[in-house]
Amino acid sequence: MLHIYNSLTRQKEVFEPIQPRQVRMYVCGMTVYDYCHLGHARVMVVFDTVYRYLKTSGYAVEYVRNITDIDDKIIKRAAENGEPIDALTQRFIDAMHEDEDSLSVLRPDAEPRATDNIQEMLAMIQTLLDKGIAYQGKNGDVYYDVSQFEGYGKLSGRKLDDLRAGERVAVDEVKDDPLDFVLWKASKPGDPAWDAPWGAGRPGWHIECSAMSQKLLGDHFDIHGGGSDLQFPHHENEIAQSEGCTGHKHVNYWMHNGFIRVNDEKMSKSLNNFFTIREVLKDYKAAEVRFFILNSHYRSQLNYGTDQLDAARASLSRLYTAIRGLPESGPAAYTDYENRFIAAMDDDFNTPEAMAVLFELAGDINRIRKTQSDASAAALGALLQRLGNVLGLLQDDPESWFKGSANADGLSDDAIETLIQQRLDARTAKQWAESDRIRDELKAQGVLLEDGAGGTTWKRA
RNA sequence: GGCCGAAUAGCAUAGUGGUAAUGUACCGGAUUGCAAAUCCGAGUACCUCAGUUCGAUUCUGAGUUCGGCCUCCA
């Protein structure tokens, strides 16, 4: 039985969908004005894994992840680049999709864009105004009146008084209360604007998620996810907006992933200590990045470093080695491994625990291959691959995983095979010096040889 | 200042009221012409102090250290 840690209640709860065997899930996606960094990769991979596991568990899942394509940073960046906003956002949406594909992240069922849903936002803001929960400030902006929403603070565990006591809440004279947040920003000259009954402008950040989730998933849905830095104020405000409009519960389970750190500090754009996904993919395979992310629990903080990526590489190599060269096999028989894997995933998506099961399975496969035969291990190998696939791992053919593809300046597969044959001849003649010379030569080219019982295999380092 | 979370071997990550798991690194052995891979084995890892308990790394309290949110953030 699946348990999910609910940020709203701060405890693990049994997951019970609103509709039997169906899950509706919304995740806050990217603001598209730059390349995705590893922090974004974590959100993508974590919720992709949730999505995959829910489907594996037999749920029909409707997964929506929005794209914020209008906001201050986008406007600013487009101006800096001298580039139309549409062109900028489309460029980075395309880049985001490339990054996702490389990380084996499945496309959500819908990726609504804020600018395509302005009418829905206007309608929601109007409802809030009609209900007296929102008001227009002297500067023309429309604000949400947090004092009108009884549950304000329930997600982030804050009280209004505590928030007001915070030193960092700036005093703003156009708002009735410094905690009131903007629903609609009155237009400034030159900025993109949409007509509205209360004056041309553009939406505040929070309203898009309320409007688009309601449109695509309804007033009340199962899971809402995002980075833990969105818990406050973004998600808190989203609840206030949605529940203020509908008068009833918005989301049953809130999930927040921890962030990636660099040198024990949060990776973020403002600290300028971030690594983009494509930057990291120059040195590591995407599957290694995915492994690195899933090797820690999604709610913990995760420190980024080449040591961790190197360890991920070695670990994946062990798993692929276990299944390399195994004969085809039908579905693996019932095993305790699968039960333990499921139990781990059912426990709030405990991927590190689930991966430990994969390694025990790999050890078992290696033992069987050694003491019995490859054929005897084939079913377990198929199981290992299938369970790995649930996590979006072990999706490659082992042979191509190890051999990779030749660099422009590297040896071709044929050249490698030729040298291996030459070495085999030397070995047959017991010319060890020549044999070792060839092996060293290949090693210098990044090709590692392994002499197994069934012949010599090779891999690109 | 308010609110939250974390501390487990050299490193990284799980987990548990009673033999602490997984990867990686290191050491010994098997295997190998030598390696690599693989297998077997070893290694005195639960932040400190107090409390509850027959028993605490786990529960409670205090402390220390680190991190996060309170401002745009994944």
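Note that this is a predicted model, so its numbers are computed, not measured.
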Atom C1', compared across B:A12 and B:C3: separation rounded to whole Å: 30 Å
Pairwise C1' distance for B:G68 and B:C73, with rounding to whole Å: 12 Å
Nearest-Å distance once atom C1' is located in both B:C69 and B:U53: 37 Å
Minimum-distance nucleotide (side-chain atoms of A:D162 versus B:U38, B:A14, B:G2): B:G2
Spacing of the C1' atoms in B:C26 and B:C66 (rounded, Å): 28 Å
Side chains of A:S156 and A:R158, donor plus acceptor under 3.5 Å: yes
Pairwise C1' distance for B:A20 and B:U8, with rounding to whole Å: 9 Å
Complementary nucleotide for B:C47 - Watson-Crick or wobble, under 3.5 Å: B:G63
G-U wobble or Watson-Crick pairing nucleotide for B:C39 (cut-off 3.5 Å, both distances): B:G29
Side chain of A:R158 (C-beta onward), nearest among B:C73, B:C70, B:C34: B:C70
Distance between C1' atoms of B:C39 and B:A14 (Å, rounded): 25 Å
Ring-face cation of A:K159 near A:Y152 (centre distance under 6.0 Å, axis angle within 45°): no
